[in-house]
Amino acid sequence: MLLPLIEPLLKIALLIGALMTAAAYLVLVERWIAAWVQDRLGPNRVGIPLTKIRLFGLGQPIADGVKFLFKAEFTPAHVDKMLFFVAPLTIFIAAIAAFAVIPFGSVIPADLFPASWGITQPISLVVAPGLDVGIVYVFALGSIAVYGVVLGGWASNNKYSFLGGLRSSAQLISYELPLGLGILGVVLVTGSLRLDAIIQHQAQTGLWNVFTQPLGFVVFCVAAFAEAARLPFDLPEAEQELVGGYHTEYSGIKLMMYMVAEFLHMVTAAFLIVILFLGGWHFWGLSGAGDLITWPVALLRVVVLLAKVMAVILFFMLARWSWPRFRYDQLMGIGWKVMIPWGLVNFVVVATWLEYGGSLTGLLGWSMESSLAIVGVTALLLCWLVITVIDPTAVGNRPRPTKRVGK
Amino acid sequence: MGLPTLTLLLAAVGFWLMLPRGTSRGRLVGTVLAVVALGLGGSRMPLLGQWMADGMFVCLAAITVVSAGCAVTFRNPVYCAIWFGMSLLGTAGLFLLSGAQFLAVATIIVYAGAILVTFLFVLMLAQPEGKASYDRVSWEAPLAAAAGMVMVGVLSLAIGSVLAPVPAVKGDAAPSVLAAAEVATAIAREEAMSRHILSPDHVAGLGRELFGRHLIALEVAGMLLFVALVGAAVIVAQGRGEREPDGGER
Amino acid sequence: MTQDKKKSPEKNVAWVKEPQLGMSGKSYLLLFLQGLTTTLRHLFSRKKTVESPDQRHEIPDSLIYRGVHRLNRDEQGRVKCVACFLCATACPAHCIDIVAAESPWPDREKYPQTFTIDELRCIFCGMCEEACPVDAIELTSLYDLSGKSREEMVFDKEKLLSVYDLTKDQEPPRTKRSGGTTSNPKPPTK
């Protein structure tokens, strides 16, 4: 009788525990990757406390967490105390709450449990399985996260923090548009906003959305990088060039909230990329497509999904060391002059194909999906060519000789 | 009619006293009056009978109303904006509670995510201290309080008349056939509506509705916004054009 | 532009044109792949870190490293220094303090009664080594210099001589002249 209450609570507890652990260990992975790319070894000494056992440095996240907790938490005298406290909390809660609609696998089949538990329906691996708005909910929480940035910058009452807050919120708001445009095509093809439905659709057709809508994939990926404030779009922080950004004045546990939220944004972005474009838990010949599955397949789906997510996260981390940071005007130029038009083109292409594609494919004898894939790849190449020729982000920002002198 | 009118009056006077222009003692009195009015109003709220749904509804409603009150009475404009955002979140929660998922999420994205952030930008850039004198001189306070009172009164009257028939029939010993039929159709209509809203693909239904019956209105609204955008771009471009000829230097 | 060049007061200023990106550069694709391959190559390359407390960092040639000082001894085990103050004079950090006394030995006039180097003030520039006429003071390749107090880091004569005893086998004195005055040119050992 209490089951409908216990199930979501259990899921929430598991999710938050898993997320916090994942964030801590992803910091370790990030540091490893950073070190390896720079020909260093990275953290490898902290193992089990009070022993000499090192375990490749797997104790490092615990040490980091303890350090953050016990570090002096300094609140400057001039800050707005209330908002200074609320801002990191906002971004942290928003980052966690976004996972409510993200599926971590497909379902757990009901026959896995003893019959006395009275579970008849397969348990879906989403915290809020009934939410029909799915992906839009993630967007809503993304727009809440902007508050953490703006308020943190303002409440610090420090010019650097304030400018950092403006800088980052302008970036976040600008890239919300291409982010939305990137998924429009996916939603159109699927006919639903629910993430599990989107995976289901890809599993049934067998062609992931990255093949059918490569343009949307590029737009979404770039926007996701910018939203997660990862290099090459990490202008909010830009640790080598600028003062710390909106969290200049933060320390201790509040700084940790910002850091963890940043990492969770990256994890959310990776999950969304995998679910929307890389087929979610689907893999050819491994996972099947239907909802009625045995438990090995259910487990396999979770593994496939998490493996894909991890691969995308590793790409995020490698990208950090592969390409130089964009300048701020280039960042804005890419957002407004490249990504938004591309997103619109993708949207129009998909909508047109949905309307007239059926008759066309009937004429040529292809399947619907493969014809969309061909159209999509063509659109991507054409768009990329056009942008390369026009080069709208090129701005002559070098000092020019003053023409007045000659007159 | 006595209690609702008293509630409204109390609320109006309380808010008038609470507005940022007043003295601290006046604001305290106003706060007490407004809280009393809130309690009186809340006591007349019809309950559903399920403790969880009722509890959540009361919490969300209280959050919404109290933060809306704070949004107009706080001195620091940045705080006002934050309270407004809080009130929007409460509203979104109420929408979610009644099954209108898309509306809830759209409220957050459009109002909290876009409009309010723009407000915050302007507020922060304009006056980081938040203590400008012209913010405190709100001479139209009594007018605003009165207008708010009328607004809330008319709305509750309208909503009350919609909800009224059901308890009236229950209380009546001998309901007329006509009234019973009316009630039956009203209940049927409401059930049909809730079925429509709570159906698993209500977003698709909303989309059909928006782009079917209300297509013209939607397109007109979109066109209006687009024209406004172009206008803003034109204004900005003109301002820049004057400075452009000599390479941005003056 | 040509007009500008004649009349411009900035005659010595050359305006360099921004290098134009080619098509491959503008399309980002080639550069994108280049960046990724570089990163991947380094990801799997051999790491250069020395895990310090467990492994010692090997200094390939002690002659090119300037670490802790030592005071050399001559063949009879006496301190080589003749207390001429050249090192203290040369020292830019003023970290060498010598008290000279009359030498008990017949082959020199003075010897250092005390010889202290404040290792915390020292900037390890090696000027003392350059200045010394008798090659009595040298910088070894010991780099892990640490102590628990400031006093501990002020090295006196005994300690500097003990550094010599510690390091003389690995790093023989780079002596060009043995003893105080006799000349015995010998190339550096390494």
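Just so we're on the same page: letters track the sequence lines, and every chain starts at 1. Keep in mind that the numbers below use all heavy atoms, side chains included, and drop hydrogens, waters and symmetry copies.
Summarising the geometry, atom CG belonging to Leu43(C) is positioned 12.0 Å from atom CE belonging to Met317(A); distances are rounded to the nearest 0.5 Å. Between Gln38(A) atom CD and Ser45(C) atom OG the span is 11.0 Å, to the nearest 0.5 Å. Between atom CG of residue Leu31(C) and atom OG of residue Ser322(A) there is a gap of 12.5 Å, rounded to the nearest 0.5 Å.
Both the backbone and the side chain of Trp321(A) come within less than 4.5 Å of a heavy atom in chain C. Proximity to chain A is limited to the side chain of Leu40(C), based on heavy atoms less than 4.5 angstrom apart. Both the backbone and the side chain of Leu318(A) come within contact range of chain C, judged by heavy atoms closer than 4.5 Å.
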### Task
Could you check Phe315(A) against Leu36(C) for side-chain contact (heavy atoms from CB on, under 4.5 Å), going step by step and ending with a plain yes or no?
CA-CA 10 Å; Phe315(A) 178 69; Leu36(C) 203 57; 4.3 Å; yes
### Query
Given the rule in the side-chain contact (heavy atoms from CB on, under 4.5 Å) test, do Lys48(C) and Leu41(A) qualify, once you have shown the distances and angles that lead to the verdict?
CA-CA 8 Å; Lys48(C) 301 204 167 70; Leu41(A) 286 172; over 6 Å; no
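The heavy-atom pair separating Arg45(A) from Asp54(C) by the smallest distance is NH2-OD2, 3.1 Å.
Here the side chains of Lys47(C) and Trp36(A) are in contact, with some heavy-atom distance below 4.5 Å. At a threshold of 4.5 Å between non-hydrogen side-chain atoms, the residues Arg320(A) and Thr39(C) do not count as touching.
A salt bridge does not link Asp39(A) to Arg41(C): none of the charged nitrogens lies less than 4.0 Å from a carboxylate oxygen.
Heavy atoms of other residues, nucleotides or ligands lying less than 6.0 angstrom from CD of Glu102(C) number 12 at most.
The aromatic rings of Trp323(A) and Phe32(C) sit parallel to each other, their planes meeting at less than 30°, with 60° as the upper class boundary.
Of the N and O atoms on the side chains of Thr388(A) and Ser27(C), not one donor lies less than 3.5 Å from an acceptor on the other residue.
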